[in-house]
Amino acid sequence: MHVDLDYFFAQCEERENPSLMNKPVVVCVYSGRGGDSGAVSTANYVARKYGVKSGIPIALAKRILKDRDAIFLPVRHEFYETVSQKIMQVLRSHADKFEQVGIDEAFLDVSKQVSGDFEIARELAKEIKKEILTKEKLTCSIGLGPNKLVAKMASKFQKPSGLTIVKPEEVEHFLSEMPVGELYGVGRKTEKVMQKLGIKTIGELARYDVEKLVEVFGKTMGTYFHNASLGIDESPVQEVGRAESISRIVTLKQNTRDLNIILEEVYPLCDYVHSRVLEQGLNFRSISVIAVMKDLSIHTRSKSLGSPTSEPEVIRKMMKELFERLLEEEQELEVRRAGVKVSSFVEAKRGQTYLTDFASKA
DNA sequence: GTATGCTTTCGGC
DNA sequence: TTACGGCCGAAAGCATAC
């Protein structure tokens with residue numbers, strides 16, 4: 001079973017302020033450059049009707065919704081996180097095995113408790129929808145299928161507030177006529193390539209020679225696309241462990257190639273990343289910098305450390321070196337956004353102290 | 001020849 | 001007419017170790 005909370009951020013805002021209902025609601029990530037600079041995080045279905053959706057520029061959304069009484073709100077991440085945690089607790093209580101995906105989705109393995117019976121599963125899904133509506137006043141869309149992939153495709157099939165059941169014998173019919181771009185894992189880029197191969201629907205992908213797919217997309221992805229097109233997926237529902245990376249990125253006040261200006265804006269992100277690492281009792285072995293250029297192309301540079309650390313000074317020093325290198329190697333464009341990421345975590349020893357502690361004591 | 005590690009890019013939400 | 005976030009994980013591609 002896949003549960004997807006409908007237009008989550010915007011629905012949370014509607015719940016807090018019911019007067020928003022029936023108006024276009026657009027939740028925005030303002031970049032901090034002033035005005036309407038930034039992107040749409042999510043929009044309710046009234047706004048979507050006009051083509052306003054995740055990822056488009058706020059300024060474009062405003063133009064589309066001009067004179068339509070639209071509401072534009074800044075994202076309130078902590079608020080959504082609190083709502084999410086309560087809902088995930090409810091969902092988890094109904095699952096034999098549970099897997100949260102992002103802030104607003106989850107897979108529930110319920111095959112044991114329904115003994116593989118899709119009609120019993122249907123009733124369970126109805127109960128879950130009712131419970132989330134009663135307890136948290138939010139709607140969700142649920143997909144039921146023989147595996148995660150089909151359940152995910154099913155939850156997307158009818159929304160908002162949908163319930164779609166795809167039994168094993170219905171999988172082929174359910175998938176075959178869909179545009180290939182609808183298949184999970186097929187983004188815009190992959191869709192373009194498949195179009196060139198003459199593949200427009202998932203059914204056509206299913207009939208396409210696997211070996212040729214492997215030639216074009218590599219072994220992993222080629223095999224994945226073949227299986228996925230047939231609704232085959234054996235990946236288990238499993239609890240997500242700790243994050244494998246922690247990152248933070250900002251939009252610079254102005255585009256620049258000046259290392260010092262970039263560092264001035266990125267150093268504060270180090271403190272954030274460092275505190276997140278610390279509160280989780282981790283050390284990291286790898287550090288990366290990210291630069292989004294004026295043309296929105298993305299470049300990264302990273303370095304592995306000899307030994308795990310969580311020293312903020314190390315983050316700062318490495319960041320400087322990595323941005324220096326990146327600017328040398330990417331001569332063309334100004335940097336628009338810049339960020340930092342740490343990964344390859346290792347449990348820190350209990351009670352571990354830091355060089356800075358000794359320095360301050362000395 | 002295979003396993004493993006490192007760096008960079010890509011795609012999803 | 002243009003406009004443009006902030007995360008995450010997975011895989012590719014290459015180098016090196018054994």
Side-chain angles (χ1 to χ4, degrees), chain A residues 2 4-10 26-43 52-64 66 74-75 77 80-81 84 99-106 149 152-153 155-156 181-193 214 216-225 235 240-252 255 269 272-273 276 285-306 318 322 325-326 329-330 336-345:
Chain A
H2 182 253
D4 193 342
L5 297 164
D6 298 320
Y7 60 104
F8 183 51
F9 296 177
V26 185
V27 179
C28 303
V29 185
Y30 290 95
S31 70
R33 281 195 173 186
D36 293 329
S37 176
V40 170
S41 181
T42 193
V52 171
K53 57 183 181 179
S54 301
I56 72 168
I58 297 168
L60 175 58
K62 287 213 169 166
R63 217 191 69 185
I64 294 172
K66 189 172 49 174
V75 282
H77 243 103
Y80 314 136
E81 186 59 45
S84 168
E99 178 178 342
Q100 182 174 343
V101 181
I103 196 169
D104 64 347
E105 291 179 34
L149 175 78
K152 168 109 186 150
M153 302 284 293
S155 73
K156 194 171 66 171
E182 298 279 305
L183 187 65
Y184 182 73
V186 178
R188 264 198 24 226
K189 211 153 178 162
T190 307
E191 186 179 7
K192 265 258 169 73
V193 177
V214 170
V216 177
F217 298 106
K219 181 153 188 185
T220 308
M221 296 313 289
T223 310
Y224 167 79
F225 290 140
S235 65
V240 291
R242 67 160 190 268
E244 295 190 5
S245 66
I246 294 173
S247 64
R248 186 90 171 166
I249 183 168
V250 288
T251 301
L252 305 176
N255 296 353
L269 308 187
Y272 169 85
V273 167
R276 291 266 326 260
R285 272 188 50 247
S286 178
I287 177 162
S288 317
V289 298
I290 306 126
V292 180
M293 316 305 278
K294 188 178 179 349
D295 68 346
L296 302 184
S297 64
I298 299 167
H299 301 274
T300 66
R301 293 294 181 272
S302 65
K303 186 151 182 60
S304 287
L305 277 36
M318 294 309 306
L322 290 167
R325 216 180 96 205
L326 194 150
E329 291 169 12
E330 303 295 334
R336 178 183 176 87
R337 302 164 61 204
V340 60
K341 172 173 101 168
V342 295
S343 56
S344 306
F345 295 126

| field | Residue met sooner reading DNA chain C from 5', once A/Val40 and A/Arg63 are mapped to nucleotides | value | A/Arg63
| query | Tell me: CG of A/Asp36 to C1' of C/dA3, nearest whole Å? | reply | 10 Å
| Can we say A/Glu105 and A/Lys156 salt-bridge, meaning some charged N sits less than 4.0 Å from an Asp/Glu carboxylate O? | no
| field | OP1 or OP2 of C/dG6 under 4.0 Å from side-chain N/O of A/Arg248 | value | no
| message | Looking at A/Ser54, I'd like to know whether one of its side-chain N or O atoms comes within less than 4.0 Å of OP1 or OP2 on B/dC13. | response | no
| field | Residue whose nearest DNA chain C nucleotide is more 5′ - A/Ser245 or A/Gly55 | value | A/Gly55
| said: Go nucleotide by nucleotide along DNA chain B from the 5' end; which of A/Val186 and A/Glu329 gets its closest nucleotide reached first? | reply: A/Glu329
| note | From NZ of A/Lys53 across to C1' of B/dG12 the rounded distance in Å is 14 Å
| request: Measure from the side chain of A/Leu60, starting at C-beta and using heavy atoms only, and say which of B/dG12, C/dG6, C/dA3 lies closest. | output: C/dA3
Hey, what are the protein-to-nucleotides 10-15 of chain C N/O distances that come in under 3.5 Å?
unit_1, atom_1, unit_2, atom_2, d
C/dA12, OP2, A/Thr220, OG1, 3.4

| query | If only side-chain N and O atoms of A/Thr251 are considered, is one of them under 4.0 Å from the OP1 or OP2 phosphate oxygen of C/dG6? | reply | yes
| message | Please tell me if A/Arg325 has a side-chain N or O lying less than 4.0 Å from either OP1 or OP2 of B/dT7. | response | no
| With respect to the phosphate group of B/dG11, does any side-chain polar atom (N or O) of A/Thr190 fall under 4.0 Å of OP1 or OP2? | yes
| message | Closest approach to the side chain of A/Leu296, judged atom by atom: which nucleotide of B/dT8, C/dC4, C/dC7 is it? | response | C/dC4
| query | Side-chain N or O of A/Arg301 less than 4.0 angstrom from OP1 or OP2 on B/dT7? | reply | no
